[in-house]
Amino acid sequence: MFLVLLNAFCSLLLGYSSGAKLPDPEVKIEVLKKPFVCPRKSKYGDMLLVHYDGYLESNGTLFHSSRKHANGQPVWFTLGIGEVIKGWDKGMKNMCSGEKRKLTVPSALGYGKEGKGKVPPESNLIFEIEVLEIRNGPRSHESFQEMDLNDDWKLSKQEVKEYLRKEFERHGYTANDTQNEFMVEDIFKKEDEDSDGFISAREFTYKHDEL
Ligand SMILES: *[C@@H]1O[C@H](CO)[C@@H](O)[C@H](O)[C@H]1NC(C)=O
Ligand SMILES: *[C@@H]1O[C@H](CO)[C@@H](O)[C@H](O)[C@H]1NC(C)=O
Ligand SMILES: [Ca+2]
Ligand SMILES: [Ca+2]
């Protein structure tokens with residue numbers, strides 16, 4: 001259980017995928033409902049809580065509904081980092097909390113040649129997605145400031161370790177120093193690109209080059 005959380009947390013913190021470049025298929029976006037008040041719009045790196053229904057475009061079969069399946073719980077994901085299909089990453093920018101969109105996603109931005117579960121290979125998909133909540137993602141400017149305890153615009157190993165400790169405690173786990181140090185080393189190996197012993201704001205922010 002601990003390791004599962006650790007992995008989930010690591011991929012949250014470090015997660016961005018480097019996919020091969022595609023020839024730019026487009027997602028068709030239709031706004032079905034837009035709230036009158038919209039204090040904040042979704043941007044890459046934000047965490048979004050959504051309910052959604054996914055249909056096969058070919059014959060309208062509902063292949064997944066967050067309300068009907070998996071205990072009816074809405075799902076959290078981070079926008080723009082390849083955690084979800086590209087169609088969502090591309091089609092859910094600038095959304096308000098309470099907004100509902102219909103996305104028509106070509107197969108290449110969905111599950112592609114392989115398909116997945118109830119989605120056959122080469123299927124175009126239709127999603128009706130409602131955003132329930134938007135939060136700062138782990139890679140946001142706000143998160144960086146929260147981690148940068150001495151405001152020098154770079155993260156030391158100590159600051160990252162402190163952040164991990166707080167995150168684990170927030171999730172109800174006792175922080176394990178040995179384990180944390182191991183994670184910090186791993187994080188710095190990947191993130192400290194110029195090996196100066198600090199993660200700069202530039203090194204920290206998401207890389208969006210696959211979008
Ligand atoms: C819709 O298409 C899928 C995949 O080709 C197939 O499995 C399913 O039986 C079809 N459903 C209907 C109602 O035709
Ligand atoms: C902390 O993690 C290490 C490495 O996984 C493990 O060997 C050790 O027993 C853990 N310590 C505590 C107090 O849980
Ligand atoms: Ca700092
Ligand atoms: Ca650095």
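Along the sequence shown, the residues carry numbers beginning at 1. In each ligand, atom 1 is the first atom listed, and ligand 1 is the first ligand listed. Quick caveat, the model's predicted, so the values are computed rather than measured.
- The Ca ion (ligand 4) has an N, O or S atom of Glu203 closer than 3.0 Å.
- A salt bridge links Lys157 to Glu185: one of the charged nitrogens lies within less than 4.0 Å of a carboxylate oxygen.
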Original post:
So Arg67 and Glu130, salt bridge (Lys or Arg N to Asp or Glu O under 4.0 Å) or not? Walk me through it.
Top reply: CA-CA 11 Å; Arg67 286 192 175 84; Glu130 183 169 10; 3.0 Å; yes
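- Vertex the Ca ion (ligand 4); arms to Asp192 OD1 and Phe198 O; angle rounded to 10 degrees, 80°.
- Numbered from 1 in the order shown, with element, the atoms of ligand 2 that lie under 4.0 Å from a heavy atom of Gln179 read 2 (O), 4 (C), 5 (O).
- Distance alone, capped at 3.5 Å, is enough to place a donor-acceptor pair between the Glu83 side chain and the Thr78 backbone.
- The existence of a salt bridge linking Asp46 and Lys43 is confirmed by a sub-4.0 Å separation between a basic side-chain nitrogen and an acidic carboxylate oxygen.
- Between the side chain of Ser107 and the main chain of Asn124, no donor-acceptor pair closer than 3.5 Å is present.
- Residue contact annotation: Lys154 places an N/O/S atom under 3.0 Å from the Ca ion (ligand 3).
- Taking backbone and side chain together, Asn150 holds an N, O or S atom under 3.0 Å from the Ca ion (ligand 3).
- At a distance under 4.0 Å, a protein heavy atom can be found next to atom 2 (O) of ligand 2.
- For Lys166 and Glu169, the salt-bridge test fails: no basic side-chain N is under 4.0 Å from an acidic carboxylate O.
- With hydrogens and angles ignored, the 3.5 Å screen pairs a side-chain donor or acceptor of Asp192 with a backbone N or O of Gly197.
- Distance from atom 11 (N) of ligand 2 to its nearest protein heavy atom, with residue and atom name: Asn176 ND2, 3.0 Å.
- Within the 4.0 angstrom cut-off, atom 5 (O) of ligand 2 has one or more protein heavy-atom neighbours.
- Closest to the Ca ion (ligand 4) among the N, O or S atoms of Asp194 is OD1.
- Note on Lys34 versus Glu99: salt bridge recorded, some NZ/NE/NH1/NH2 to OD/OE distance being below 4.0 Å.
- Between Thr178 and ligand 2, no N or O atom pair is found at a separation short of 3.5 Å.
- Within Asp196, the N, O or S atom lying nearest to the Ca ion (ligand 4) carries the name OD1.
- Angle OE1 (Glu159) to the Ca ion (ligand 3) to OD1 (Asp148): 110°, rounded to 10°.
- Atom NZ of Lys93 has 12 or fewer neighbouring heavy atoms from other residues, nucleotides or ligands inside a 6.0 Å radius.
- Of all N, O or S atoms in Asp152, the one lying closest to the Ca ion (ligand 3) is OD1.
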